[in-house]
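Scroll down for the structure; my scribbles are underneath it.
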Amino acid sequence: MIAEMIPLAVAAVIVVAMLLEIKTGRIPNWLTILPFVLFAVLLFVVEDRTPLYWQMGLAAGVFVFGLVMFAIGGSGAGAVKLMTGTALFVPFAKSGYAAIIFFLVFFISSFFFVQIRKAFGSEDSSWHIMANQVLPLSFSIGVAGLTGMFLI
């Protein structure tokens, strides 16, 4: 029962992170740590941990990718932690598809975010995405993670 509910809790965390980054431009540390805590609970309650070990390896690779992106200024630390925590819940067999979805959503949503900012943005907006020239990476992470967990 608990094991089936944990991915739904992670989905809620992802959605909240997406909304917070679009609104404030930040993903709080307390929010990015929740997927790791929920994964630890999942490790404790499931009988067969073998698939979870593969997902931990995948998350380690995603973390290294995120660190490289952070080092070159391509993402923030909160996005790296959210991406790693989300990768813990994407089944290994679906990870390639989730990566493709991540990049597709990133490039397509970047175009739309820029167009929305041009049409409606202003420097005194209370929404971070409308006031600054930034792209919320959590949107791409969230769509790819939710798709990988529930749709593909």
Side-chain angles (χ1 to χ4, degrees), residues 2-43 46 48-118 121 127-130 132-152:
I2 292 175
E4 292 84 21
M5 300 303 284
I6 289 176
L8 297 175
V10 172
V13 168
I14 292 170
V15 170
V16 169
M18 290 186 325
L19 293 173
L20 278 175
E21 187 181 19
I22 289 171
K23 173 74 173 153
T24 66
R26 298 183 53 88
I27 305 172
N29 284 332
W30 63 267
L31 191 61
T32 60
I33 203 74
L34 288 177
F36 296 98
V37 171
L38 291 168
F39 190 77
V41 171
L42 189 63
L43 275 172
V46 298
D48 182 19
R49 294 182 184 92
T50 305
L52 300 181
Y53 295 142
W54 284 101
Q55 287 169 226
M56 289 169 54
L58 172 67
V62 167
F63 182 68
V64 170
F65 170 76
L67 284 179
V68 170
M69 291 296 293
F70 179 74
I72 63 173
S75 71
V80 172
K81 292 178 277 190
L82 181 67
M83 188 168 26
T84 304
T86 302
L88 287 171
F89 290 92
V90 175
F92 188 77
K94 298 178 180 181
S95 61
Y97 297 113
I100 292 169
I101 291 169
F102 169 79
F103 287 111
L104 284 174
V105 169
F106 175 74
F107 289 116
I108 293 169
S109 67
S110 296
F111 172 77
F112 284 108
F113 285 133
V114 168
Q115 298 308 314
I116 290 169
R117 186 181 315 115
K118 283 181 181 178
W127 288 79
H128 182 70
I129 191 171
M130 295 301 212
N132 301 296
Q133 294 183 356
V134 295
L135 298 171
L137 196 55
S138 63
F139 184 77
S140 304
I141 294 167
V143 171
L146 295 172
T147 303
M149 285 192 294
F150 299 114
L151 296 179
I152 55 174

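Note that the structure is a prediction, hence the values are computed from the model and not measured.
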Donor-acceptor pairs under 3.5 Å, side chain of residues 105-112 to any protein atom, not counting sequence neighbours: which ones?
residue : atom : partner : partner atom : Å
Ser109  : OG   : Val105  : O            : 2.6
Ser109  : OG   : Phe106  : O            : 3.4
Ser110  : OG   : Phe106  : O            : 2.5

Return all side-chain donor-acceptor pairs below 3.5 angstrom for residues 81-92, not counting sequence neighbours, or 'none' if the list is empty.
residue : atom : partner : partner atom : Å
Lys81   : NZ   : Asn29   : OD1          : 2.3
Thr84   : OG1  : Val80   : O            : 2.9
Thr86   : OG1  : Leu82   : O            : 2.7

Distance-only donor-acceptor hits, side chain of residues 3-21, under 3.5 Å, sequence neighbours excluded:
residue : atom : partner : partner atom : Å
Glu4    : OE1  : Met1    : N            : 2.8
Glu21   : OE1  : Ser138  : N            : 2.8
Glu21   : OE1  : Ser138  : OG           : 2.4

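For Lys94, the side-chain hydrogen bond (donor to acceptor under 3.5 Å, both in side chains) test picks out no residue, with sequence neighbours left out. Under the ring pair (Phe, Tyr, Trp, His ring centres under 6.0 Å) criterion, Phe139 pairs with Phe113, not counting sequence neighbours.
Smallest separation of non-hydrogen atoms from Arg117 and Ile129: NE-O, 2.9 Å.
The distance from atom CZ of Phe70 to atom CZ of Phe65, rounded to the nearest 0.5 Å, is 14.5 Å. Here CZ of Phe63 is found 4.0 Å from CG of Leu67. Values are rounded to the nearest 0.5 Å. Here CG of Leu135 is found 11.0 Å from CD1 of Ile22. Values are rounded to the nearest 0.5 Å. To the nearest 0.5 Å, atom CG of residue Leu146 and atom CD1 of residue Ile152 are 11.5 Å apart.
Sorted by first and then second residue, the side-chain hydrogen bond (donor to acceptor under 3.5 Å, both in side chains) pairs involving residues 49-67 (not counting sequence neighbours) are Asp48-Thr50.
A heavy-atom distance below 4.5 Å is found between the side chains of Leu52 and Phe39.
Within a 6.0 Å sphere centred on CD of Gln115, other residues, nucleotides and ligands contribute more than 12 heavy atoms.
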Next on the checklist: side chain to side chain contact (heavy atoms under 4.5 Å, CB included), that's the test. Do Leu43 and Met56 meet it? Break it down for me.
Outcome noted: CA-CA 11 Å; Leu43 275 172; Met56 289 169 54; 4.2 Å; yes
